[in-house]
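Have a look at the structure below, then the notes.
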Amino acid sequence: MLVDRGLLAQRHALRDVTITAEGRPVLAAVFPGHVGLLDDLLFAALSRADIETLADILGRARDHMRQTPPRSAAPRRRKKADPAG
């Protein structure tokens, strides 16, 4: 995991993650290839209008997900111990 390798620092919540000084050069090395791959596999087939529409839809989906965390993100209740043992 990237946190274990010291490339990311995780704070209190899973979403509260920052890139460490050690992680910045790794991101800089990997990012251009990742962007090129997305350009070739996804964006090359789309018009500028398609990309703007996709960005709008994904932005709204992101905002909705941030307002409504998944059920798995909620704390779980612990089962009471069986008094009969």
Nearest-0.5 Å distance, CG of residue L38 to CG of residue L41: 7.5 Å
F43 side, atom CZ; L54 side, atom CG - distance, nearest 0.5 Å: 6.0 Å
CZ/R62: more than 12 non-hydrogen atoms of other groups inside 6.0 Å: yes
Nearest-0.5 Å distance, CE of residue M65 to CG of residue L58: 8.5 Å
Residue from I57, I51, D56 passing side-chain contact (heavy atoms from CB on, under 4.5 Å) with T53: I57
Connected via hydrophobic side-chain network under 4.5 Å: V35 and L42: no
Expected output: side-chain D50 to main-chain S47 donor-acceptor under 3.5 Å: yes
